[in-house]
Amino acid sequence: METKIIYPDNISEAAECIKNGGTVVFPTETVYGLGGDAFNEKAIDKIYNAKGRPGDNPLIVHISGFDELDNLVSEIKEYAKILMEKFWPGPLTLIFKKKPTVPLKVTAGRNTVAVRFPSNETAQRLIKEAGTPIAAPSANLSGSPSPTVCSDVIDDLFSRVDYIIDATGCEIGLESTVVDVSTDEVVILRPGGVTLEMIREYIPDAKLDSGLIDEDAIPKCPGLKYTHYSPKADVVVVQGEKDKVREYISSKVDEFSGVISYKSGAYESAGLVLYAGNNMEEYAHNLFSHLRTFDKHNIKKVYAEFSPEPGMGVAVQNRLYKSAGHKIIEV
Ligand code: TXA
Ligand code: MG
């Protein structure tokens with residue numbers, strides 16, 4: 001199919017396409033999303049097909065105002081209202097009990113629906129002009145890292161969608177925090193830019209899903225059970241005392257190896273060394289784009305220096321461990 005790449009000035013065209021049941025890739029503050037009208041089942045089919053996504057993995061519905069919740073959710077608990085007030089618009093997805101009006105295709109047959117109010121201005125304008133909430137997973141082919149720049153979207157989805165909006169954004173670089181607020185407990189199903197610590201400031205009892213802590217437990221966020229975020233290269237995470245980590249990686253690398261390093265200029269014999277960043281926010285922002293860069297340079301094996309930390313570190317660890325298929329070396 002023909003894909004049109006446009007800039008935000010021409011957003012009306014893309015909004016019209018959503019109204020007509022088409023698909024539009026748009027930027028958000030986390031990663032790019034692959035959107036369609038949340039109430040149009042044909043549009044939802046197109047999204048799953050374009051991504052090659054398994055039908056049992058539900059989509060997030062994006063809104064541009066609180067009033068749009070009326071047609072989506074059947075109950076909003078008091079603590080959910082607090083989270084909405086504090087963190088929306090922003091990188092937080094909340095899972096509510098759904099209204100029957102939400103197609104089961106969006107929720108993969110569940111009686112809950114995931115909703116997010118993004119802060120990115122282009123995303124908000126697209127939803128407003130389309131006049132409907134937009135269902136959107138991350139705009140990557142199923143299994144590969146989420147795209148954070150337009151060229152990565154083009155690599156995965158050109159000729160598979162109607163429109164791609166080329167815009168700035170994706171400052172965070174990892175997908176939103178997913179929090180289940182459909183029961184009496186507040187549970188983080190997927191860590192992200194809104195951290196456990198930030199949520200606990202308002203809801204002290206909030207906790208991480210056991211599936212995120214215990215490797216053998218099954219995560220409640222269906223998407224997290226799939227192999228994810230994986231580049232073609234094999235990824236290995238190396239953790240431990242800084243000097244030992246460097247010594248270990250140095251002994252392994254050759255021209256086909258890539259390294260994500262906290263120190264620039266290290267590992268001269270490696271094929272490609274990319275800088276992790278100064279802190280976990282930077283690591284988060286860089287991770288997915290680095291993984292894609294290694295593939296473009298034909299790197300076969302990636303060693304990622306990593307040192308666990310709370311806050312944003314939890315989200316980085318979650319994505320990094322998954323991209324490595326849980327191959328973690330402690331030195
Ligand atoms: O930042 C983001 O969240 C991006 C941007 C585009 O908004 N979207 C995104 O969507 O990451 P996706 O589809 O790649 O990930 C959505 C995650 C999946 O792991 C899915 O299983 C989970 O949310 N999810 C969606 N609906 C759910 C539900 N009703 N119950 C539990 N998990 C749900
Ligand atoms: Mg995704």
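As the structure lists them, so they are numbered: ligands from 1, and atoms in each ligand from 1. What's counted below: heavy atoms across the whole structure, side chains too, no hydrogens, waters or symmetry copies. Since this is a predicted model, take the numbers as computed values, not measurements.
Taken from CD in Glu309 to OH in Tyr283, the straight-line distance is 11.0 Å, to the nearest 0.5 Å. Note: Phe117 CZ to Leu94 CG = 12.5 Å, rounded to the nearest 0.5 Å. Separating the CD1 atom in Ile6 from the OG atom in Ser12 is a distance of 8.5 Å, to the nearest 0.5 Å.
Side chain of His297 to main chain of Thr293: a donor-acceptor pair is present (N/O by atom type, distance under 3.5 Å, no hydrogens or angles).
Considering backbone and side-chain N/O of Ser176, one or more are found under 3.5 Å from N/O of ligand 1. Taking only nitrogen or oxygen atoms, main chain and side chain alike, Ser138 reaches within less than 3.5 Å of ligand 1. At under 3.5 Å, a nitrogen or oxygen of His62, whether backbone or side chain, sits near a nitrogen or oxygen of ligand 1. Not one N or O of Glu175 is nearer than 3.5 Å to an N or O of ligand 1, by distance alone.
At least one side-chain heavy atom of Asp156 sits under 4.5 Å from a side-chain heavy atom of Arg292.
Heavy atoms only, all atoms of each residue included: Gly35 and Ile47 are closest at C-CD1, 3.9 Å.
Looking at Thr112 against ligand 1, both its backbone and its side chain come within 4.0 Å, counting heavy atoms. If you look at Lys51 next to ligand 1, there are no close heavy atoms at all, none under 4.0 Å.
Coordination check, Asn140 versus the Mg ion (ligand 2): failed, since every N/O/S atom of the residue sits at 2.8 Å or beyond.
Distances shorter than 4.0 angstrom do not occur between any heavy atom of Lys98 and any atom of ligand 1. The closest approach between any non-hydrogen atom of Asn57 and ligand 1 is below 4.0 Å.
Under the 4.5 Å side-chain heavy-atom criterion for ILVMFWY residues, a single connected hydrophobic cluster contains both Leu83 and Leu69.
Close contacts between ligand 1 and Arg190 involve ligand atoms 2 (C), 3 (O), 9 (C), 11 (O), 15 (O), 16 (C), 17 (C) [criterion: under 4.0 Å to a heavy atom]. Of all atoms in ligand 1, numbered sequentially from 1 with element shown, those under 4.0 Å from a heavy atom of Gly33 are 6 (C). Using a 4.0 Å cut-off to heavy atoms of Pro58, the atoms of ligand 1 that qualify are 20 (C), 21 (O), 24 (N), 25 (C), 26 (N), 27 (C), 28 (C), 33 (C). For ligand 1, the atoms sitting less than 4.0 Å from at least one non-hydrogen atom of Ile60 are 3 (O), 8 (N), 9 (C), 10 (O), 16 (C), numbered in the order shown with element in parentheses.
A salt bridge does not link Glu241 to Arg246: none of the charged nitrogens lies less than 4.0 Å from a carboxylate oxygen.
In this view, Phe158 satisfies the ring pair (Phe, Tyr, Trp, His ring centres under 6.0 Å) rule with no residue, not counting sequence neighbours.
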